[in-house]
Enquirer: 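Please see the structure below; I have some questions.
Counting convention: from 1, in listed order, for ligands and their atoms alike.
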Amino acid sequence: MPVEVLIPEDALRARIHELGAEVAREYAGKPLTIVAVLTGSLIVLADLIRSIDVPHRIGLVHASSYRGATTTGSTLVINEALAPDVADRDVLLLDDILDTGRTLAALVDHIAVRGARSVRTAVLLRKLGRQIVPLEPDYCGFTIPDAFVVGYGLDYDDDYRHLPYVGVLKEGMIGRPPRDP
Ligand code: XMP
């Protein structure tokens, strides 16, 4: 396998369960909408909401600045077509990874101007030493070293999302030409 395990499946499960319980405690009785950032946070969304035993809605937003490469693209594109109705909702924005912070910071503003009652943030992973935009996530699963990670929703060239763990691509894998479909 060209991927080295960084966070195994059981550690992900345990931590996400803890986060879900925390979210449930803090949002009990509130009109919670979890807005997940596609595509990377699909898997963490599915697991997290099953640990949140208070009523809540889910919404999706598509934002991308990485396009099959491992460096940050210059413009962040937010797909308006998917924007959920968040008026008077307490929104928890969920992303797979906090890297430079540009994506989440832009999305917080994007949601706030749509009339949300509150906007907080949750990330599965936070990369050390990469943040440019100051933003403290309200919930964070794991802090990781500055390496390109895949699995559990995260991709390289749209592959590896299905891995049940978070891993680091082994030397030599990044920069390879795209694989055949
Ligand atoms: P920013 O820099 O805006 O980036 O905080 C957040 C988005 O960048 C992508 N990203 C990664 N995707 N492995 C990935 O598969 C990584 O190591 C990685 N680092 C950043 C991701 O889409 C995230 O939402």
Side-chain angles (χ1 to χ4, degrees), residues 1-9 11-12 15-16 19 34-49 58-84 91-112 119-179:
M1 191 62 180
V3 180
E4 202 174 308
V5 178
L6 182 66
I7 308 173
E9 207 176 338
L12 286 165
R15 181 70 185 124
I16 286 163
L19 289 177
I34 297 179
V35 176
V37 186
L38 292 173
T39 306
S41 57
L42 265 186
I43 315 265
V44 62
L45 172 71
D47 284 347
L48 183 71
I49 61 174
I58 59 171
L60 301 169
V61 66
H62 186 267
S64 58
S65 56
Y66 279 68
R67 290 159 185 257
T70 59
T71 52
T72 309
S74 52
T75 14
L76 178 75
V77 181
I78 298 174
N79 185 340
E80 295 290 334
L82 282 177
V91 172
L92 182 60
L93 257 175
L94 173 66
D95 206 356
D96 51 359
I97 187 164
L98 182 70
D99 187 13
T100 63
R102 292 184 338 137
T103 306
L104 265 191
L107 285 171
V108 166
D109 292 346
H110 184 82
I111 297 284
V119 189
R120 296 173 84 204
T121 55
V123 292
L124 175 66
L125 309 172
R126 181 181 197 173
K127 253 190 220 184
L128 278 176
R130 291 270 309 166
Q131 213 168 320
I132 293 170
V133 179
L135 183 147
E136 269 312 300
D138 297 285
Y139 303 90
C140 175
F142 300 87
T143 300
I144 61 165
D146 181 9
F148 195 80
V149 289
V150 295
Y152 201 73
L154 292 134
D155 74 304
Y156 172 62
D157 203 24
D158 240 346
D159 198 359
Y160 304 106
R161 292 192 200 275
H162 62 288
L163 298 176
Y165 52 83
V166 171
V168 178
L169 276 185
K170 284 186 184 156
E171 195 94 352
M173 293 309 294
I174 290 179
R176 281 198 176 185
R179 298 162 1 139

Enquirer: Check D95 against ligand 1 and report side chain, backbone, both or neither, counting heavy atoms closer than 4.0 Å.
Expert: side chain
Enquirer: Can you list the residues that meet the side-chain hydrogen bond (donor to acceptor under 3.5 Å, both in side chains) rule with E9, with sequence neighbours excluded?
Expert: none
Enquirer: Taking only non-hydrogen atoms of G101, do any sit less than 4.0 angstrom from ligand 1?
Expert: yes
Enquirer: By number and element, which atoms of ligand 1 are closer than 4.0 Å to a non-hydrogen atom of D155?
Expert: 14 (C), 15 (O)
Enquirer: Using modelled atom types and a 3.5 Å cut-off, is there a donor and acceptor pairing between side-chain atoms of D95 and backbone atoms of V123?
Expert: no
Enquirer: Quick check on A147 - does any of its heavy atoms sit under 4.0 Å from an atom of ligand 1?
Expert: yes
Enquirer: Check if R130 has a non-hydrogen atom at a distance under 4.0 Å from any atom of ligand 1.
Expert: no
Enquirer: List every atom of ligand 1 that sits less than 4.0 Å from any heavy atom of L154, numbering the atoms from 1 in the order shown and giving each element.
Expert: 12 (N), 13 (N), 14 (C), 15 (O)
Enquirer: Only one of V61, V37, V35, V44 passes side-chain contact (heavy atoms from CB on, under 4.5 Å) with L94; say which it is.
Expert: V44
Enquirer: Would one find an N or O of Y156, backbone or side chain, under 3.5 Å from an N or O of ligand 1?
Expert: no
Enquirer: Measure the spacing between CZ of R120 and CG of L93 and express it to the nearest 0.5 Å.
Expert: 12.0 Å
Enquirer: For ligand 1, which atoms sit closer than 4.0 Å to a heavy atom of K127?
Expert: 16 (C), 17 (O), 18 (C), 19 (N)
Enquirer: Measure the OH-CG distance between Y152 and D47 for me, rounded to the nearest 0.5 Å.
Expert: 3.5 Å
Enquirer: Measure from the side-chain N and O atoms of R102 to the backbone N and O of T75, and report whether any donor-acceptor pair falls under 3.5 Å.
Expert: no
Enquirer: Taking only residues two or more places apart in sequence or in another chain, which ones pass salt bridge (charged side-chain N to carboxylate O under 4.0 Å, His left out) with R126?
Expert: E136
Enquirer: May I ask which of V149, D96, V168, L125 has a heavy atom nearer to atom 23 (C) of ligand 1 than the others do?
Expert: D96
Enquirer: Any idea which part of L76 is under 4.0 Å from ligand 1, heavy-atom wise: side chain, backbone, both or neither?
Expert: neither
Enquirer: Does V37 come within less than 4.0 angstrom of ligand 1, counting non-hydrogen atoms of the residue?
Expert: no
Enquirer: Nearest 0.5 angstrom please: I43 CD1 to R161 CZ, how far?
Expert: 9.0 Å
Enquirer: Numbering the atoms of ligand 1 from 1, which are under 4.0 Å from a heavy atom of T100?
Expert: 1 (P), 2 (O), 3 (O), 5 (O)
Enquirer: To the nearest 0.5 Å, tell me how far T39 OG1 sits from D158 CG.
Expert: 7.0 Å
Enquirer: For V150 and ligand 1, answer yes if some heavy atom of the residue is under 4.0 Å from a ligand atom, otherwise no.
Expert: no
